[in-house]
There are 2 protein chains.
Amino acid sequence: MTSDSLLQRILQESHEMGTAEARVARFVSTQPNQVLHMSMAKLSEECDVSDPTIMRFCRRFGFQGYQDFKLYLAQSLVPSAPFAYEQIVAGDSVENIVRKTARNSLNAIQRGLEDIIPAQIEAGAKLLNGATWIGIYSSGISEITGVDAEHKFQRLGLRCAAVNGRKKQWLHAETSKPSEVALIFSQSGHTKQMVEVATAVRARGARVVSITAADSPLASISDVLIAVTPYERTELLTPIASRLNHHLVVNMLVTSMAVISGSEFPDQLPALDSWQTDKI
Amino acid sequence: MTSDSLLQRILQESHEMGTAEARVARFVSTQPNQVLHMSMAKLSEECDVSDPTIMRFCRRFGFQGYQDFKLYLAQSLVPSAPFAYEQIVAGDSVENIVRKTARNSLNAIQRGLEDIIPAQIEAGAKLLNGATWIGIYSSGISEITGVDAEHKFQRLGLRCAAVNGRKKQWLHAETSKPSEVALIFSQSGHTKQMVEVATAVRARGARVVSITAADSPLASISDVLIAVTPYERTELLTPIASRLNHHLVVNMLVTSMAVISGSEFPDQLPALDSWQTDKI
DNA sequence: CGCAATATATAGTATCACTACGTATCCACA
DNA sequence: TGTGGATACGTAGTGATACTATATATTGCG
């Protein structure tokens, strides 16, 4: 999906159109909401053009036809609430901090949603589902994400472990079995330790699924890459945002694995919790 | 517009439909993206129903017809559309799961933003800032939130520990010092163990900050309550949503503590990370 | 001016959405 | 158990719709 909205593209290209087609562009971009409920005939009448002109107009933007165009137009018209990143500064009131933290999180997820490719999630889920054991590797700030993944995977009944610490990671990576899968979290994909773990794991015949930045060293040596764009901003005072999308991916993986394998829902878990903890 | 998305409405009403119409509901709610590019004929064939059934299905929700329905469906599928809750069901495509997971998270954060009271965050932050040591207590699904908090607090230079496990929690709670503060995470506020920990801590003269549901037993015996409304929905297949707001609170606390204490920003931490991990 | 390339319109067709009507299925009550 | 009436669903038919193939005008250029 491009960053430009459809309407903007129409306005831009309208200069390179013929007179008839330009009339269509003009009408569509000024009255898009009406267009949604118009047929080609009505629109062509309104613009004083023939309907093939409208077809050409639609195809110009890569759509299959009028219907396809209308569908996309409808989607581009939905009022999206953009949550811009708001930096938190030293003097901010707590009220501001609360608001900004929440909005930054919203922003992070929205951006993540644009980036994450379902097919990659699916590929990862399938690979993980077939593993006899999953080693979950991460370092530094991502360790908690790893623990989170371990927790949720175990709820699915999977055998796995969050492997933290350099020595333990080496130990596990170098004893990988071909039927196993390593799940690696790395924001940048440039962390030396993680790249080495991936290399060691693959040398032993096991597969690597990594959640990291595309076009990174780690990404290039992974069997399945789940690309998550790291935040270029200095995340001053907004500790969660950068990791939020990794959490999101974990949840998507867990849910996908559950659905793909057709297993019982993983989250009969409220029930599971209440089973092991007394309530009063 | 109701608070529920179209897909959610379909799912709900599907129980009050006949068998044929219910088949349509099931297909539409699990493969909405495909439906967008289908004609009535194709959809009716796919669902083994006749096209008038599909008409009736559309009209049931107040649409003029199939076209109208498709238009609205398209709009409700755009990722950044108003974030209504959407339940994930067994047959969902991975694409669906990705979208729904993200949107449910967005929805959760938005609700959190409405619920969380800045003054409570501020009170909590001040108390925590003054503690000589912070014990972080949680159980079950919330343990990871606790670990997360521990991690972030330590980055602020605070002395703290995530205390997990019943016995360890008892040990720590019963040896609390008056200058210490206990931070307790509990979704419901009804978990017996957590209430007992809070009681024991207070008996020793220490303070209790709890992130839990208002009007719960735990809330009533806390020095500072940070109220987070738990989700009443059965969170089938959406493991994050219920905990997301707790994470949010942790971040708000951390940031507030940093700002209140006037300390250096906690997240010079990207830098901190790169200091301890080799990059390639 | 005349050729070529582009832009636009006409005519035609398969398909589509939608309607009117008919048939089966289910349920209350005799 | 049987029967009337309502509900749930499908069949058949129709005008409109999106799209195509082809023809005509319009423009630019040597």
Side-chain angles (χ1 to χ4, degrees), chain A residues 6 9-77, chain B residues 6 9-77:
Chain A
L6 177 57
R9 279 173 61 201
I10 292 177
L11 271 175
Q12 279 182 320
E13 284 212 34
S14 69
H15 301 291
E16 303 155 11
M17 301 186 195
T19 56
E21 221 168 322
R23 277 202 302 278
V24 179
R26 184 178 156 72
F27 187 90
V28 170
S29 55
T30 54
Q31 325 241 10
N33 286 293
Q34 293 189 31
V35 174
L36 290 185
H37 298 100
M38 282 183 175
S39 64
M40 279 184 72
K42 289 213 170 161
L43 181 56
S44 64
E45 184 190 2
E46 198 79 39
C47 301
D48 257 327
V49 298
S50 61
D51 26 280
T53 300
I54 293 179
M55 273 296 318
R56 281 187 289 271
F57 171 81
C58 296
R59 296 231 220 268
R60 173 188 289 269
F61 299 100
F63 298 104
Q64 279 194 332
Y66 184 60
Q67 299 268 38
D68 197 29
F69 169 78
K70 271 206 327 192
L71 234 50
Y72 195 92
L73 179 64
Q75 293 191 328
S76 78
L77 285 182
Chain B
L6 177 57
R9 278 172 62 202
I10 293 176
L11 215 59
Q12 282 180 327
E13 281 214 36
S14 69
H15 300 292
E16 301 157 11
M17 301 186 196
T19 56
E21 221 168 321
R23 278 202 300 279
V24 180
R26 182 173 168 73
F27 187 90
V28 171
S29 58
T30 55
Q31 325 248 6
N33 288 292
Q34 294 189 31
V35 174
L36 290 185
H37 299 100
M38 282 183 174
S39 63
M40 281 185 71
K42 289 212 171 161
L43 180 58
S44 64
E45 184 189 2
E46 197 78 41
C47 302
D48 258 324
V49 298
S50 59
D51 27 273
T53 301
I54 292 178
M55 272 298 318
R56 282 187 285 268
F57 171 82
C58 296
R59 296 231 218 267
R60 172 188 290 268
F61 298 100
F63 298 104
Q64 280 194 333
Y66 185 59
Q67 299 268 37
D68 197 29
F69 170 78
K70 272 209 320 193
L71 234 50
Y72 194 91
L73 179 64
Q75 293 191 329
S76 77
L77 286 182

**Smallest separation among heavy atoms of Met17(A) and Phe57(A), with atom names** = CE-CE1, 3.8 Å
**Request:** Apply side-chain contact (heavy atoms from CB on, under 4.5 Å) to Gln31(B) and list each qualifying residue two or more places apart in sequence or on a separate chain.
**Result:** Phe27(B), Gln34(B)
**Item:** Those residues of residues 24-40 of chain B lying under 4.0 Å from DNA chain C by at least one heavy atom
**Value:** Ser39(B), Met40(B)
**Prompt:** If each of Glu16(B) and Pro52(B) is mapped to the nucleotide of DNA chain D with the nearest heavy atom, which maps nearer the 5' terminus, i.e. the 5' end?
**Reply:** Glu16(B)
**Fill in**
From CD of Gln64(B) across to P of dA17(C) the rounded distance in Å is 15 Å
**Item:** Contact under 4.0 Å: Thr19(B) side-chain N or O vs dC9(D) OP1/OP2
**Value:** yes
**Prompt:** Between dG10(D) and Thr53(B), is there an OP1 or OP2 to side-chain N/O distance shorter than 4.0 Å?
**Reply:** yes
**Prompt:** How many angstroms lie between CG in Leu71(B) and CD in Gln67(A), if you round to the nearest 0.5 Å?
**Reply:** 9.5 Å
**Asked** To the nearest Å, how far apart are Asp48(B) CG and dG10(D) P?
**Response** 9 Å
**Item:** Gln64(B) and His37(A), any side-chain heavy atoms less than 4.5 Å apart
**Value:** no
**Prompt:** When the nearest nucleotide of DNA chain D is assigned to Val49(B) and to Ala41(A) on a heavy-atom basis, which residue is associated with the more 5' position?
**Reply:** Val49(B)
**Fill in**
Residues Gly65(B) and Cys58(B): closest non-hydrogen pair is O-CB, 3.8 Å
**Asked** Donor-acceptor pair under 3.5 Å: do we get one between Asp51(B)'s side chain and the base of dC18(C)?
**Response** yes
**Prompt:** dA18(D) C1' sits how many Å from Asp68(A) CG, rounded?
**Reply:** 12 Å
**Item:** Nucleotide nearest Met55(B) when distance is taken to its side chain, options dA9(C), dT11(D), dC18(C)
**Value:** dC18(C)
**Asked** Please give, in whole Å, the distance from dT17(D) P to Glu45(A) CD?
**Response** 11 Å
**Request:** Would you mind reading off the distance between Phe63(A) atom CZ and dC19(D) atom P, rounded to a whole angstrom?
**Result:** 13 Å
**Prompt:** How long is the span from the CD atom in Gln75(A) to the CG atom in Leu36(B), to the nearest 0.5 Å?
**Reply:** 6.5 Å
